[in-house]
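Reading through the structure tokens given below for one structure.
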There are 2 protein chains.
Amino acid sequence: MGMWERNRNVQSSEPVTLKTLAHELGLNVSTVSRVLNDPLGPGSRWASQKTNEKIFALARDKGYSRNPYAASLRTAKSNMVGVIVPRLQDYVLATIYEGIDEAATAHGLFTVVANSLDVAANQRVKAEMLLDRRADGLIFGDAHLNEPYLDELKKRGTPYTLVSRSSEGHISVTCDDHAGGRLIAEHFIATGRGTFGVIAGDSNTSTSRDRTAGFLAALGENGIAVPDEWIIHGGFDATAGQMAAKQILQSRQIPEGIFAVNDFAAIGALGVLQKVGMRLPDDIALAGYNDTPLAEAVNLTSVRSPLHEMGSLGLETVLGLMAGHDVDSRKLEPTLVVRASG
Amino acid sequence: MGMWERNRNVQSSEPVTLKTLAHELGLNVSTVSRVLNDPLGPGSRWASQKTNEKIFALARDKGYSRNPYAASLRTAKSNMVGVIVPRLQDYVLATIYEGIDEAATAHGLFTVVANSLDVAANQRVKAEMLLDRRADGLIFGDAHLNEPYLDELKKRGTPYTLVSRSSEGHISVTCDDHAGGRLIAEHFIATGRGTFGVIAGDSNTSTSRDRTAGFLAALGENGIAVPDEWIIHGGFDATAGQMAAKQILQSRQIPEGIFAVNDFAAIGALGVLQKVGMRLPDDIALAGYNDTPLAEAVNLTSVRSPLHEMGSLGLETVLGLMAGHDVDSRKLEPTLVVRASG
DNA sequence: ACGTATGCCGCAATCGTTTGCTTAGGTCTC
DNA sequence: GAGACCTAAGCAAACGATTGCGGCATACGT
């Protein structure tokens, strides 16, 4: 056991509180509280050196741990930030959440996460649930375009920020999805392709919109247009990718490259393409987005976004808001990861 | 807005508490508290019908929401259960956690999750952190064999349960991994293979041990032995799978089938096998475990375990423990999912 | 020697709920 | 008509920590 390890094995059925400590030391709880809370630790100037040490020693011996509920009640701060994600099963959001939680822990906060399953109504329900738990701040990973709930929150003055997806008028930490789309387009062009399809995801999200727009913009600058029937919206998962790929394959012609705005959708498409006997990258090129471990596993070209960092920056952002600072949105840089698929 | 939607837009900077309501109604806070908490809702017998209705109406109008910290302080219950997983990025654990959280929400509890990165020391640190937050119970998804911390917890009388992995002497909710291993072995044998390798994962976990043991046992019953150098331990991720596959390929002979106890490891192996030009299932059969979406995406034979259910049962289990009931470990049934890989 | 600063610490109110114990009036029973 | 029993509430003491406001020493400056 480390030197500072609290002694949990103490048999006293009575929980040890400040009062316990104070009484045992012949001090007042206020003194004990101040010393224990002083950022200077045992160097606190709230009591004499000797008293400080005795307080810390006893606290350790008796396994004292502050009752966070009593503290939160008094201070009206929970030190908790709520996080709402579409789905934790999704590698991308799980990674972002890990970044959030790591940063939160580093700042002495804790997080509570909830799945919204990417439906707007749930977003509101889950957020209110978190607010009922007195979350000091909120982080949304499931922002939809034109969702009034966020405006409502803003009006109420609740500190919150978006991650992964942005929305006009709200502070967010995202990756530059427009640039990411461009990266793929430029790579496709550089490797000699000329006709393209897009598996564009949920059109109601900024990630779908921006990645697609960036891709199309870069193509446009090179004089390439993509026919509407080759821009297919749907979900972000493998099933959506399969359906989109099948739809594209039904055209008279087949594009030379397909950009799926999400790795999972790309994997779904990949399965379909392989099943009809197409070989990548010779018959067709395929690219995904987010550089998940799957992408590496199946040798899929993708765009890497700094997910973990996005999470920790998101936490710092909402922290700034909670402290009443002015903070700006952040946009991180994506990088291209070329693999065998195209 | 629904009829029961609280009015959050109320401009009063003052938070609305029981006192606010009681004062406005000319009642005592105790009455208001009892009525609002009564499971019978407005049918409560703590006050007259008329009073009940007025209380509920005012609470709704003023957007009252109970301060959980005050309540927890008084009742010494947090209604929170802590969950410790190796890593939320892992689809398997993320899914189990979803099951846990869903059940928790249904029971009016909430959960806080922490990553241990599958290192035993972190498990202790994270668990103690959760206990400091006054978790009423704990769920571990990262149990290692012979880990003394769990015994310690048991001695302290903390309600906890394991999910996904088991450990001797501790209550757990798992899938029957031994049976799962058998399923693959029997399938391999039925499809005519005779020599096998195992990518066995972290030997310090029950999942690794039991899946491998089940596989080997079924083979043994059919007179098939697996040489030690074809049983390769390591991690559960794609990298570990790659390394293991490379090691197996270095043998003079090559097995006719490989069982990876985890889909991610299987995917890693798959990439290596494909890179050296082997075709599945003709040249070699490959099977994974857990039936993740990846398995479906790459057409990998796998074993499906009811992950979501494992999570919700885990929550119910710890709930039972918290209520002081006697509860038993549960073992769920796996099912075989045959796909093109073998 | 006297005012003042500083070190060290205590008092007591407060946060919002919960809950055991009363109370006050009414109804019912025998 | 007295005791028993409801109904519909109120009183007040917790729960454990935080914090503004003092207070009593001792030291220090002049």
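Basis for what follows: all heavy atoms, side chains included, without hydrogens, waters or symmetry-related copies. So that the names make sense, note that chain A is the first sequence line, chain B the second, and so on, each numbered from 1.
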**OP:** Would you kindly give the NZ-to-P distance between A:Lys77 and C:dG16, to the nearest whole Å?
**Re:** 14 Å
Subject >> Nearest-angstrom distance from the residue atom CH2 of B:Trp46 to P of C:dC21 >> reply: 12 Å
Subject >> Residues that A:Thr31 engages under side chain to side chain donor-acceptor pair (under 3.5 Å), provided they are two or more places apart >> reply: none
Original post:
Between A:Thr51 and C:dC8, does any side-chain N or O lie under 4.0 Å from OP1 or OP2?
Top reply: no
Original post:
How many Å lie between CG on B:Asn52 and C1' on D:dA9, as a whole number?
Top reply: 12 Å
**OP:** Could you state the atom-to-atom distance from CG of B:Asp38 to C1' of C:dT19 in whole Å?
**Re:** 14 Å
Subject >> Spacing between A:Gln49 atom CD and C:dC8 atom P, to the nearest angstrom >> reply: 9 Å
Subject >> All pairs passing salt bridge (Lys or Arg N to Asp or Glu O under 4.0 Å) where residues 40-56 of chain A contributes a residue, at least two apart >> reply: none
Subject >> Interatomic distance where CG belongs to B:Asn37 and P belongs to C:dG16 [whole Å] >> reply: 16 Å
Original post:
Is the closest side-chain donor-acceptor distance between A:Arg66 and A:Ser33 under 3.5 Å?
Top reply: no
**OP:** Grab the CG-C1' distance between B:Leu21 and C:dT17 for me, whole Å please.
**Re:** 12 Å
**OP:** Scan for salt bridge (Lys or Arg N to Asp or Glu O under 4.0 Å) pairs involving residues 97-114 of chain A, sequence neighbours excluded, and state none if there are none.
**Re:** A:Glu98-B:Arg87
Subject >> Sequence-aligned protein contact record of nucleotides 11-16 of chain D, with B where the base is within under 4.0 Å of a protein heavy atom and S where only the sugar-phosphate is >> reply: BBBBBB
Original post:
For A:Ser72 and C:dC15, is the shortest distance between a side-chain N/O and OP1 or OP2 below 4.0 Å?
Top reply: no
Original post:
D:dA17 P sits how many Å from A:Asn79 CG, rounded?
Top reply: 15 Å
What's touching nucleotides 22-24 of chain C from the protein side, N or O pairs under 3.5 Å?
none

Original post:
How would you list all residue pairs meeting ring pair (Phe, Tyr, Trp, His ring centres under 6.0 Å) that involve residues 108-158 of chain B, not counting sequence neighbours?
Top reply: none
Original post:
What residue pairs, at least two apart or across chains, pass ring pair (Phe, Tyr, Trp, His ring centres under 6.0 Å) with a residue in residues 28-48 of chain B?
Top reply: none
Subject >> side-chain contact (heavy atoms from CB on, under 4.5 Å) evaluation trace for B:Asp136 with B:Val81 >> reply: CA-CA 6 Å; B:Asp136 289 336; B:Val81 345; 5.5 Å; no
Subject >> Any residue meeting side chain to side chain donor-acceptor pair (under 3.5 Å) with A:Thr17, in chain and number order, not counting sequence neighbours >> reply: A:Thr20
Original post:
Do any pairs count as a salt bridge (Lys or Arg N to Asp or Glu O under 4.0 Å) and have a residue in residues 18-29 of chain B, sequence neighbours left out, and if so which ones?
Top reply: B:Glu24-B:Lys62
